[in-house]
Every structure is written in structure tokens, then in C-alpha cells.
Amino acid sequence: MKILVFGPQGSGKGTQAELISRKYKLPYIATGDIFRFHIKEGTQLGKKVKSYVDKGELTPGSLTNEIVKDRIQQPDCSVGFVLDGYPRNISQQKFLESIAKIDLVFVINISDTEAVSRLKDRLACKCGLSYHPVNNPPYKKGICNKCGDKLFVRDDDKPAAIKKRLAIYHKETELVLEIYQKSNTLHQINGAQGIEEVFAEIDNIIILYK
Ligand code: ADP
Ligand code: ADP
Ligand code: ZN
């Protein structure tokens, strides 16, 4: 099963993608996590993308396409995958269409006000999980439940970068959704409920599809 998860920043894409991945044993791929890994490790790729990621701008050119192509061709993706953060514009969508047939697309909807309020307190882990002091606290303060690593505040979870990222989502990524709407692969999910309720909505659709 090949699944895409969309939604504005803070809608809970990462949180839900991880739950899908765990239940259905599908690899969870998040392009943002891949970029943050390279930035932290100081690789060539990391140096190339750092200024864009810090500002909340899309990394340019076909860089992300090549990263995704390489990742989904790994053996563990033979069963499918859950992809979060890609494609974000029409050109990436066209590329993805040329390399994979997507089964299900979810868009988690929340207002920008709710998005900003969640992101300003988000705590992230390098394994891709994220937490919130009130909505989704870790068992142990500051430590990831899954991998035990130290949680951190993302450099781009600052008001100016959040604003820019949301604007890009509305302007560029929502156009991609129209394409999946037309091909009847898109499912609208109400993101303004608890994490478990959101997952139940998504899971009901996956169960019907399987
Ligand atoms: P995204 O990947 O869409 O940017 P995240 O999964 O990182 O979103 O979630 C953003 C923040 O909101 C995190 O702090 C997370 O713990 C919290 N969160 C996720 N889902 C919900 C929800 N349904 N209700 C309240 N808070 C949530
Ligand atoms: P966001 O919460 O803004 O969706 P992500 O963790 O998904 O954050 O992505 C972080 C950053 O990584 C983005 O602001 C952008 O700079 C870069 N990035 C991630 N995915 C893509 C993509 N598909 N195309 C271009 N840049 C991307
Ligand atoms: Zn972790």
C-alpha cells in the first residue's frame, strides 16, 4: 500500500503517518526528516539545503525528487510506504506519478490558527516523532518514547518561518490536492480532534481499501 499524508504544518501528518506505519508495517518516509538528518550530520546535501530549511522555503530544483526516488526503491519499500512532506508542488507530483502508483491520499485539515498554536510548542525527535507538552506529552520529559533520544525545538518552528511554510502550503501544495481529488484518491480528514480520533478516521478508510 502506497499512502501519502498531506495537511498544513502542525496538522499532525507526522503523528498520523507514524501510527499508520506502525499498524500496517509500512516504512515511514518524511522528506523533512531526511533533510534535518543531513543538516545535523553536516553532509554535502545538508550544507546545500540548510539555508532553505531554516527559512521555511522549499529546497530548489529536483533535489527532493531524487531523494524520494532513491528511498522508495529500497527493498523495504516493496510492501509500500507512508510518505509525509512530498509532493509539495505540481512538478514533484508529476515526478512521483512517473515512478509510483499511489493508492490512498489523506489530507488532514486544521485552521492556520490551530496550526500555529500547536507548532509553537512542538518538541521534535530526530526519529520523526513529535510531541506536545499538553496534547501529546512524552512519558519522560524531554525524551522520545520510541528511541530515547533528546527532544528538540525545530529551528523553523519560529513565527516567521511557520508563516512562510503555511503560505507555501496554501499556494503550492493545495494545487497538488486538486489532482488527487480528480482521481478520487483523496480523503479529507478532520484534524481538529484528538490524535486517536483522527487515526480512527484514517484507519476506517484504509480498512475499506485493503
Ligand atoms: P505535522 O507533521 O503535520 O507538522 P506533527 O505530527 O508534528 O504535525 O504535529 C504537530 C504538533 O501537534 C505536535 O506537537 C504534535 O504532538 C501535536 N499534535 C498532533 N496531532 C494532534 C492532535 N490531533 N491534536 C492536538 N495536537 C496534536
Ligand atoms: P513542515 O512542517 O514545514 O512541513 P517538514 O519537516 O516536512 O516541515 O520539512 C522541513 C523543510 O524541509 C521544509 O520547510 C523544506 O525546506 C524542506 N522540504 C521538505 N520536504 C520538501 C519537499 N517535498 N520539497 C522541497 N523542500 C522540502
Ligand atoms: Zn525518537
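Counting starts at 1 for both ligands and their atoms, following the listed order.
Considering backbone and side-chain atoms together, Arg122 places an N or O closer than 3.5 Å to an N or O of ligand 1. Annotation: Gly10 places an N or O atom under 3.5 Å from an N or O atom of ligand 1; distance criterion only. By the 3.5 Å distance cut-off applied to N or O atoms, Tyr86 is not counted among the residues near ligand 2. Considering both main-chain and side-chain atoms, Gly12 comes within under 3.5 Å of ligand 1 through a nitrogen or oxygen pair. Of the polar atoms of Glu57, at least one N or O is found under 3.5 Å from an N or O of ligand 2, judged by distance alone. At least one N or O atom of Arg165 sits closer than 3.5 Å to an N or O atom of ligand 2.
The SG atom of Cys125, the Zn ion (ligand 3) and the SG atom of Cys127 define an angle of 110° (nearest 10 degrees).
Of all protein heavy atoms, the one closest to atom 20 (N) of ligand 1 is Ile195 CG1, 3.5 Å. At the top of the distance list for atom 6 (O) of ligand 1, counting protein heavy atoms only, stands Thr15 OG1, 2.6 Å. For atom 14 (O) of ligand 1, the closest heavy atom belonging to the protein is Tyr131 O, 2.7 Å. The single protein non-hydrogen atom nearest to atom 8 (O) of ligand 2 is Arg154 NH2, 2.9 Å, given as residue, atom name and distance. Nearest protein heavy-atom contact of atom 17 (C) of ligand 1 is His132 CB, 4.1 Å. Atom 23 (N) of ligand 2 has as its closest protein heavy atom Gly85 O, 2.9 Å. The protein heavy atom nearest to atom 2 (O) of ligand 1 is Gly14 N, 2.9 Å. With respect to atom 24 (N) of ligand 1, the closest heavy atom belonging to the protein is Arg118 NH2, 3.4 Å. In terms of protein heavy-atom proximity, atom 5 (P) of ligand 1 is nearest to Ser130 OG, 3.4 Å. Considering only non-hydrogen protein atoms, atom 13 (C) of ligand 2 sits nearest to Arg88 NH1, 4.2 Å.
Heavy atoms of Pro8 approach ligand 1 to within less than 4.0 angstrom. The shell of residues lying under 4.0 angstrom from ligand 1, judged by heavy atoms, excludes Gly7. Using a 4.0 angstrom heavy-atom cutoff, Gln193 counts as in contact with ligand 1. Using a 4.0 Å heavy-atom cutoff, Arg36 is listed among the residues neighbouring ligand 2.
The line from CD of Glu41 to NZ of Lys126 is 8.0 Å long, rounded to the nearest 0.5 Å. How far OG1 of Thr173 is from OH of Tyr169: 6.5 Å, rounded to the nearest 0.5 Å. Atom NZ in Lys146 sits 5.0 Å away from atom CG in Leu129 (nearest 0.5 Å). The OG1 atom of Thr64 sits 12.0 Å away from the CG atom of Leu96 when rounded to the nearest 0.5 Å. The distance from the CG atom of Leu119 to the CG atom of Asp157 is 5.0 Å, given to the nearest 0.5 Å.
Across all non-hydrogen atoms, the minimal contact from Ile168 to Gly56 is CD1-O, 3.4 Å. Across every non-hydrogen atom of Asp33 and Tyr28, the tightest pair is OD2-OH, 4.1 Å.
Which parts of ligand 2 touch Gln92 is read off a 4.0 Å heavy-atom cut-off, strictly below it: atoms 22 (C), 23 (N), 24 (N), 25 (C). Near Asn135, the atoms of ligand 1 lying under 4.0 angstrom from a non-hydrogen atom of the residue are 25 (C), 26 (N). Shown in contact with Phe35 at under 4.0 Å from a heavy atom are these atoms of ligand 2, numbered in order with element: 12 (O), 17 (C), 18 (N), 19 (C), 27 (C). Atoms of ligand 1 lying under 4.0 Å from at least one heavy atom of Gly194, given by number and element, are 23 (N). In the vicinity of Gln9, heavy-atom distances shorter than 4.0 Å reach the ligand 2 atoms 1 (P), 2 (O), 3 (O), 4 (O).
Taking 4.5 Å as the limit, every side-chain heavy atom of Val153 sits out of range of all side-chain heavy atoms of Arg122. Contact of the Leu58 side chain with the Asn89 side chain is registered, since non-hydrogen atoms from C-beta on lie closer than 4.5 Å.
Distance alone, capped at 3.5 Å, places no donor-acceptor pair between the Ser62 side chain and the Asn65 backbone. A distance-only check finds no donor-acceptor pair linking the side chain of Asp84 to the backbone of Leu4 [under 3.5 Å]. Proximity of a side-chain donor or acceptor of Asp103 to a complementary backbone N or O of Lys2 within less than 3.5 Å is detected.
Enclosure of atom NZ in Lys94 by more than 12 non-hydrogen atoms of other residues, nucleotides or ligands within 6.0 angstrom is indicated.
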(Q) Test salt bridge (charged side-chain N to carboxylate O under 4.0 Å, His left out) on Glu57 and Lys164; report intermediate values, then the result. (A) CA-CA 7 Å; Glu57 289 168 10; Lys164 198 179 279 174; 3.1 Å; yes

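In this structure, a donor-acceptor pair under 3.5 Å is absent between the side chains of Tyr52 and Asp156.
Side-chain heavy atoms closer than 4.5 Å link hydrophobic residues (I, L, V, M, F, W, Y) into clusters, and following such links, possibly through other members, connects Ile205 to Met1.
With a heavy-atom cut-off of 4.0 Å, Val53 touches ligand 2 through backbone and side chain alike.
Comparing heavy-atom distances from atom 26 (N) of ligand 2 across Leu119, Leu166, Thr59, Asn89 singles out Thr59 as nearest.
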